[in-house]
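To start, the structure under review is shown below, and the notes come after it.
Note that the coordinates shown come from a computational prediction; the quantities given were computed from them, not determined experimentally.
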Amino acid sequence: PWEADGWGLKRKDGWARVVIDRLDLSAFSRSFIDIRPLSGIAVGSVYAEGLDSDFTLSGEVKFDGIQMHLLGLDPILPLPDGRVSFSERTGILNTETRYDTDAYESMYLEGIIKLDTVVHPYWDLKMRTIGLNCLYGDVFRADEIDAELKFMGDSQYSALSGAVALTNPIAEPVFVELNALSLPPPPPTLKNPFLENMRLNVDVDVYSLSVDSELAQILVSGGLGIGGTFYKPIFQGDASIEEGRVIILGRSFEMEPSNIVFDGIEPTRSLIDVMYNPLQLDPELDLRASTKIVDGVDTDQEYTINMSLEGSATRVSPSFRSTPELDFNRVVNLLAFGTTEIDGFNYGTAIGAAAGQLLRKRVERTGIDEFSIVPSTKIIGVEPGETVVRMGKLIQIPFSVWVRYEAALSRMGQGEVRLEHRLNSLLTLTGAAQSEYEQYGIGVGLKKEF
């Protein structure tokens, strides 16, 4: 309809009908930074009466087969099929409960969308899910997550609140990384404004979290409150260590009842960053563990070593106490070399040996087959007793060749490369090169393993 006295549209009496025969939602996947790929089909019909500020809506839109890849987590999340029914300026979302998918046992969504402001619609959504599973790279896996969350707000300011319970999750945090660059976080201009402005108020209960790393294998339970925003979260809560062990100087210490307290008042890095490196939370530790060692020289003497860690996780250092009592150097010597005798004791060598034990498991992920730090070697250019790093890998080219590199820890760029090919059960073909001293050689030797 047009105004009688001019060419203007008579918006108050105007109407419009939008019919969606089949809209593929994957067309919008690139509109979202952290939610992709978005896929699914929408069909429906919506009638708008009055095209001015007093417009009203009726009709409905149905959604089918919606899937989202959220924040780089696996697996892809399938949402229940549902519909948005419009009345006045409100859309009411109802979904069917969806059961038994690869991502969860069941999920239900409901809520409303208000279109008083078309540019920034307001929503109030609720989600309940049971048995959700989640995988992030090779550092976190949970197969039983129950959640009840409420999400409200608009595209400028929103809030996520509710409760999440994780049962028997597994974390393999990376405390030592050899082959990855330390990349800075993206600048603020590259962050998703939607996540950046979303406030968090979520309570997380964790039951029997299994932490498996090169430092520890422990079982943890506790409660944690997450506030702040996605990119600047704040964590507060506490956890208790139920059981487990930690590796110190190559020795396995059995954990005693211990506590971890998260009392952050300043925001940390994003939730994904924290998931990859929990030490960024810098919790307060009150950890205790013990081990028993028989002296390698005086085999009739057994020692109980008690270790404690008290204080900030990023600044605390372990303290040791032994029964019968020993001084610090003898305790370290006992842990590193299995004896309290300190003749020729080299604290740096002890720490180097401990580093080799610490790194060995992590290096497996880089594809290296051998890694160790040893107190001496026979390669050219290294003094007796000088700490050495040794690494090796088996390569098929097309026959199998063992490639080893060995060098002083203080001069790792001046080492020796050694190649070894096993001709048969007794004969081995070897080659060595030490460019710093211009020593090269090849030979055939007898080698028998016992």
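In this structure, a donor-acceptor pair under 3.5 Å is absent between the side chains of S26 and S39. A side-chain N or O of T304 and one of K292 form a donor-acceptor pair less than 3.5 Å apart.
The backbone N or O of L79 lies less than 3.5 Å from a partner atom in the side chain of R98, making a donor-acceptor pair. A donor-acceptor contact shorter than 3.5 Å is absent between the side chain of R128 and the backbone of L109. Between the Q236 side chain and the F262 main chain, no donor and acceptor come within less than 3.5 Å of each other. When atom types are taken as modelled, the side chain of D146 and the backbone of G131 share a donor-acceptor pair closer than 3.5 angstrom. Using a distance-only test at 3.5 Å, with no hydrogens or angles considered, no donor-acceptor pair links the side chain of T129 to the main chain of L132.
More than 12 heavy atoms of other residues, nucleotides or ligands sit less than 6.0 Å from atom CD of E256.
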Please tabulate, for side-chain N and O atoms in residues 240-247, each donor-acceptor pair with protein atoms closer than 3.5 Å (sequence neighbours left out).
unit_1	atom_1	unit_2	atom_2	d
E242	OE2	S221	OG	2.3
R245	NE	Q217	OE1	3.3
R245	NH1	S252	OG	3.4
R245	NH2	Q217	OE1	3.1

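Here D286 pairs with R288 in a salt bridge; the nearest charged N to carboxylate O distance falls below 4.0 Å. Using a 4.0 Å cut-off between a side-chain N of Lys or Arg and a carboxylate O of Asp or Glu, D64 and R83 do not qualify as a salt bridge.
Listed by chain and number, the residues in a ring-ring contact (aromatic ring centres under 6.0 Å, His included) with F151 are W123, F194 (sequence neighbours excluded). For Y47, the ring-ring contact (aromatic ring centres under 6.0 Å, His included) partners at least two apart in sequence or on another chain are W15.
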TODO: Carefully, step by step, assess R141 and D212 under the rule salt bridge (Lys or Arg N to Asp or Glu O under 4.0 Å).
DONE: CA-CA 11 Å; R141 185 176 80 248; D212 185 6; over 6 Å; no
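Under the 6.0 Å distance and 45° angle rule, R418 does not count as a cation-pi partner of Y405.
For the side chain to side chain contact (heavy atoms under 4.5 Å, CB included) criterion with R321, the lone passing option out of V331, N306, I305 is N306.
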